[in-house]
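Notes to accompany the following structure.
In the text below, chain A, chain B and the rest are named by the order of the sequence lines, each starting its count at 1.
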There are 2 protein chains.
Amino acid sequence: MINRQTSVLKALSDETRLRIMNVFITSGEALCVCEVVDALHLPQYQISKHLAILKNAGVIDVEKDGTWGYHYLITDDPLNKMLFSFLKKYLVGEVFDDDIKQLDLRLLLREEGRCVVGFVDEKELKTKIKDKVKNSQV
Amino acid sequence: MINRQTSVLKALSDETRLRIMNVFITSGEALCVCEVVDALHLPQYQISKHLAILKNAGVIDVEKDGTWGYHYLITDDPLNKMLFSFLKKYLVGEVFDDDIKQLDLRLLLREEGRCVVGFVDEKELKTKIKDKVKNSQV
DNA sequence: ATATTATATGCCAATTAGTGCATATTAGCA
DNA sequence: TGCTAATATGCACTAATTGGCATATAATAT
């Protein structure tokens, strides 16, 4: 009953969902739920729900790989293309930048481009990264 | 408590408000409330309320001229500029196009670039336009 | 002063949306 | 088969949003 642009913008009218869009857009990666959870420091059930809303609005989709679910932007669509290139410039500021930093750290844990761990809290993340660096030097 | 981009996109997450933004953006004019009312065919109190929300979000402002209130886009801001140029491309489709047609008709009633009548319904509008054309030919 | 016109706003009811928690689902693994 | 890990979802609660109506405000005209 309402037009597409309205329902898409409704889906984007929430800080958490904008933060999610931000990590997808600036990373350019397909991300699994646990990676988004760690980037945003929000509970898993919230991220899952918000991802479902974005999926419903037609801006992202999922591809399952075992228990992992890789979510990615639907870029083969003219309206979405406009939207994403707008958001890429528009979403600037502390919150958005912090999320990217966290995501970049978290992505260091990937192996061969794939997510291999669930959520890890802040300290655990740092420890794991140190271990990884150590091992790669050996 | 929430960041600016979020509150702006919240303000845009409503079909009526997107339609309002559309008439501002594609017409490039400062419009008074009655002109927006006639373009969208919605009750005055709705338009007033929605304009207040957009004003609150920092995307439009008002300049009063007697009882008339001319609303206009706040374009001297980098984030707003991005937003408006995005919306200009993004807001396409029947609803949006129809509103523009209605607005164009309605703007024919202006005199020296100013609004000189309140709301007029569809038939009244057509009559008035015919009269105007007739008078201008004499 | 009073009436009229353009616009704003307060209040209510109805709907919708977000959070938190617990639990369901599904896949891999011992 | 049973366990654990990754993700999804149902439910209850609260908060926010919207439309409709009536009325307020404020400027102009009579």
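- Side-chain contact check for B:L73 versus B:F84: some heavy-atom pair is nearer than 4.5 Å.
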At a cut-off of 3.5 Å, list every protein nitrogen or oxygen paired with a nitrogen or oxygen from nucleotides 16-18 of chain D, distance to 0.1 Å.
from	atom 1	to	atom 2	distance (Å)
D:dT18	OP1	B:D14	OD2	3.2
D:dT18	OP1	B:R17	NH2	3.0
D:dT18	OP2	B:R17	NH1	3.3

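- Proximity of a side-chain donor or acceptor of B:Q102 to a complementary backbone N or O of B:D99 within less than 3.5 Å is not detected.
- Taking the six-membered ring where tryptophan is involved, the planes of A:F86 and B:F86 are essentially parallel, since the angle between them stays under 30° and well short of 60°.
- Among the heavy atoms of the strands lying under 4.0 Å from A:K49 is at least one base atom, whether or not backbone atoms are also near.
- Residues B:C34 and B:D38 form no side-chain contact, since every pair of their non-hydrogen atoms from C-beta on lies 4.5 Å or further apart.
- Using a 4.0 Å cutoff on non-hydrogen atoms, the parts of residues 104-127 of chain A near DNA chain D are A:V117, A:G118, A:F119, ordered by number.
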Between the protein and nucleotides 24-30 of chain D, which nitrogen or oxygen pairs are less than 3.5 angstrom apart?
none

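- Judged purely by atom type and a 3.5 angstrom limit, B:Q5 uses its side chain to pair as donor or acceptor with the backbone of A:Y90.
- Not counting sequence neighbours, the partners of A:R114 by the side chain to side chain donor-acceptor pair (under 3.5 Å) test are A:D65.
- If you measure from atom CH2 of A:W68 to atom C1' of C:dT26, you get 13 Å, rounded to the nearest angstrom.
- Side-chain atoms of B:K128 do not come within 3.5 Å of backbone N or O of B:L109 as any donor-acceptor pair.
- The pair B:R4-B:D77 counts as a salt bridge, with a side-chain nitrogen and a carboxylate oxygen less than 4.0 angstrom apart.
- Residue B:E15 contributes atom CD, which lies 15 Å from atom P of C:dT16 at whole-angstrom precision.
- Considering NZ of B:K55 and OH of B:Y72, their distance stands at 9.0 Å, rounded to 0.5 Å.
- Separating the CG atom of A:N56 from the P atom of C:dG18 is a distance of 12 Å, rounded to the nearest angstrom.
- When the P atom of D:dA6 is taken as reference, atom CG of A:L51 falls 16 Å away, rounded to whole Å.
- Look at B:R110 and B:E29 and you find a salt bridge, because one of the NZ, NE, NH1 or NH2 atoms lies within 4.0 Å of a carboxylate O, short of that distance.
- The distance between atom CD of A:E63 and atom C1' of D:dA6, rounded to the nearest whole Å, is 16 Å.
- Rounded to a whole Å, the CD1 atom of B:I2 is 17 Å from the P atom of D:dA15.
- More than 12 non-hydrogen atoms from other residues, nucleotides or ligands lie less than 6.0 angstrom from NZ of B:K89.
- For DNA chain D, the neighbouring residues in residues 23-47 of chain A, judged by any heavy atom under 4.0 Å, are A:C32, A:V33, A:C34, A:Q44, A:Y45.
- In plain terms, the two heavy atoms of A:A30 and A:Y70 that are nearest each other are O-CD2, 3.8 Å.
- With sequence neighbours excluded, no residue forms a side chain to side chain donor-acceptor pair (under 3.5 Å) with A:N22.
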